[in-house]
Number of protein chains: 2
Amino acid sequence: MESTSSKHAQRSQATRAALVTAARQLFAERGYAGVGTEEIVRAAGVTRGALYHQFRDKADLFDAAVQAVEAEVTQRIATQVLATAADPVQALQAGARAFLDIFAEPELERILLLDAPGVLGWQRWREIGADHGLGVITATLEAAIAAGALASQPVRPLAHLLLGALDEAALMVAHAEDPEATRAEMAAALERLLEGLLAPRGTETSDSAP
Amino acid sequence: MESTSSKHAQRSQATRAALVTAARQLFAERGYAGVGTEEIVRAAGVTRGALYHQFRDKADLFDAAVQAVEAEVTQRIATQVLATAADPVQALQAGARAFLDIFAEPELERILLLDAPGVLGWQRWREIGADHGLGVITATLEAAIAAGALASQPVRPLAHLLLGALDEAALMVAHAEDPEATRAEMAAALERLLEGLLAPRGTETSDSAP
DNA sequence: GCAGATTACGTGCAGGCTGTATGGACATCA
DNA sequence: TGATGTCCATACAGCCTGCACGTAATCTGC
């Protein structure tokens, strides 16, 4: 019985979806503090009563919007990378480039990189990311280690470092006067960083027991 | 003396300082949105009238607080690094460790890394950082290139990537269940990242212990 | 050293925004 | 069919920010 959708549940889900869609749009355009709940519900075609019935508070709605955007971004990156992923190393390089491409839209940057940490807190922010962007990076790094392209090492710390670098790179591109040139610059710098990391230093660590 | 400091200017500076000090403390403790102007002026021993005379709005006061904290952090890192800086490479490594040490205080993390980007916007945030943390990294990287320890390349992109990685590392340490262990983990990962970057390709890297 | 101008600050007010309490409409179930 | 719970609309209270206006202290020109 996939989705028992009683009429109540159906209606609930519809208004939830309408609210999240409207919130996504508006928060992305003008930031969390820049848009009030009244405007959101008007755009969604419901009232504030519905909002506070479906969500604990404004931040809870923002949380749902962030999840939706994260999921879509990860989806887009994954497909874009899978198209050119021969081996884990190329996947990392392609992933970095796709990341910069996608965050060219300044709306994503606003909601995911600028407001989310402050509104949701870092813990919750990365908790959401763990199911999406951070998870993809971690998996790819593990694949690279398994393939012998990367020295065996703890992947979680490295994944976070790379994600931090990627976030900053995306923000630079998004705010650059010449986004095209900056994107190329950042991609080159990222490539150098990854190359230094991936270069097997004389020894091929084939495998190690976990 | 050089500063004629009329009584007006003197008094202005005093209230400004009192406001910035109080704001720093409170914003660091409970975040930008979590503390109102009334509480700040009470802690500073002035009234809201004084605040809005000295600063354009609440965000402007926050800006001043961020500047103060940034300056102090950079100062602390600089002295801590200069104590052990033999060459640019060691300066980078020492700087990274000092960064993690100092951001162990969760209050710095709150005001500088979580709230600042959202409240001030990324442009203004990095504009402040350019005079402090980002500037130090850039200078050190240029020194490393001049010393031949790093391949000649654009430093600004690389400096941003490293700062992004450092910020994320600091946030991880600040929120870890076991900060000591996490700090060691992140320091190790950062060291690997820097080593791969600094190793000039072509010269055999003298062995590094597995 | 005094009158007017400027600076620094105190206070009351209006507008907006969030969260909650209350009531009604509709679906589900006995 | 009546009872009950879900979903939602609306009115209200509280808080907070920014501004207008008033006041006292300081500076300037004579």
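Side-chain atoms are counted along with the backbone in the values below, which use heavy atoms only and exclude waters and symmetry mates.
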Legend entry - Residues forming a salt bridge (charged side-chain N to carboxylate O under 4.0 Å, His left out) with B:R183, sequence neighbours excluded: B:D101
Donor-acceptor pairs are to be reported for all side-chain atoms of residues 49-56 of chain A against protein atoms at under 3.5 Å, with residues two or more places apart or in another chain.
unit_1	atom_1	unit_2	atom_2	d
A:Q54	NE2	A:S12	OG	3.2
A:Q54	NE2	A:T15	OG1	3.4

Inset, instruction - Please list, chain by chain and in numerical order, all residues satisfying side chain to side chain contact (heavy atoms under 4.5 Å, CB included) with B:P106, sequence neighbours excluded. - result: B:E109
Inset, instruction - Considering only NZ, NE, NH1 and NH2 on the basic side and carboxylate oxygens on the acidic side, decide whether B:R97 and B:E191 come within less than 4.0 Å. - result: yes
Please list, pair by pair, any protein nitrogen or oxygen found under 3.5 Å from a nitrogen or oxygen in nucleotides 10-13 of chain C.
unit_1	atom_1	unit_2	atom_2	d
C:dG10	OP2	B:T47	N	3.3
C:dG10	OP2	B:T47	OG1	2.2
C:dG10	O5'	B:T47	OG1	3.3

Inset, instruction - Tell me, please, the opening and closing nucleotides of DNA chain D, 5' to 3', among those with an atom under 4.0 angstrom from a non-hydrogen atom of chain B. - result: D:dT17 to D:dC27
Show the atom names and distances, to 0.1 Å, of all donor-acceptor pairs under 3.5 Å that link a side chain in residues 22-33 of chain A to residues at least two apart or in another chain.
unit_1	atom_1	unit_2	atom_2	d
A:R24	NH1	A:E72	OE1	3.2
A:R24	NH2	A:E72	OE1	2.6
A:Q25	NE2	A:E29	OE2	2.8
A:R30	NH1	A:E39	OE2	3.4
A:R30	NH2	A:E39	OE1	2.6
A:R30	NH2	A:E39	OE2	3.0
A:Y32	OH	A:A59	N	3.2

Would you tabulate the side-chain donor-acceptor contacts of residues 160-167 of chain A under 3.5 Å, counting partners in other chains and residues two or more places apart, or write 'none'?
unit_1	atom_1	unit_2	atom_2	d
A:H160	ND1	B:E168	OE2	2.7
A:D167	OD2	A:R126	NH2	3.4

Legend entry - Note, A:M172 side chain near B:R156 side chain (heavy atom, < 4.5 Å): yes
Inset, instruction - Take atom CD of A:Q67 as the centre, draw a 6.0 Å sphere, and report whether it contains more than 12 heavy atoms from other residues, nucleotides or ligands. - result: yes
Legend entry - Stretch residues 12-42 of chain B: residues that reach within less than 4.0 Å of DNA chain C through a heavy atom: B:S12, B:T15
Inset, instruction - Give a yes/no answer on whether the side chain of A:H8 brings an N or O atom under 4.0 Å of OP1 or OP2 in C:dA27. - result: no
Legend entry - Atom pair distance, as rounded to whole Å: CD in A:Q10 and C1' in C:dT28: 15 Å
Legend entry - Residues touching DNA chain C, which here means a heavy atom under 4.0 Å, drawn from residues 55-66 of chain A: A:D57, A:K58
Legend entry - side-chain hydrogen bond (donor to acceptor under 3.5 Å, both in side chains) partners for A:R16, two or more places apart: none
Inset, instruction - Could you tell me whether B:E127 and B:R124 make a salt bridge, using a distance below 4.0 angstrom between a side-chain N and a carboxylate O? - result: yes
Review item, side-chain donor-acceptor pairs of residues 78-96 of chain B, under 3.5 Å, at least two apart:
unit_1	atom_1	unit_2	atom_2	d
B:T79	OG1	B:Q75	O	3.4
B:T79	OG1	B:R76	O	2.9
B:T84	OG1	B:V81	O	3.4
B:D87	OD2	B:V89	N	3.1
B:D87	OD2	B:Q90	N	3.2

Legend entry - Student check: side-chain heavy atoms of B:T37 and B:L61 closer than 4.5 Å: no
Give the table of side-chain donor-acceptor pairs shorter than 3.5 Å for residues 133-144 of chain A, with sequence neighbours excluded, one pair per line with atom names and distance.
unit_1	atom_1	unit_2	atom_2	d
A:T138	OG1	A:L134	O	2.8
A:T140	OG1	A:V136	O	2.8

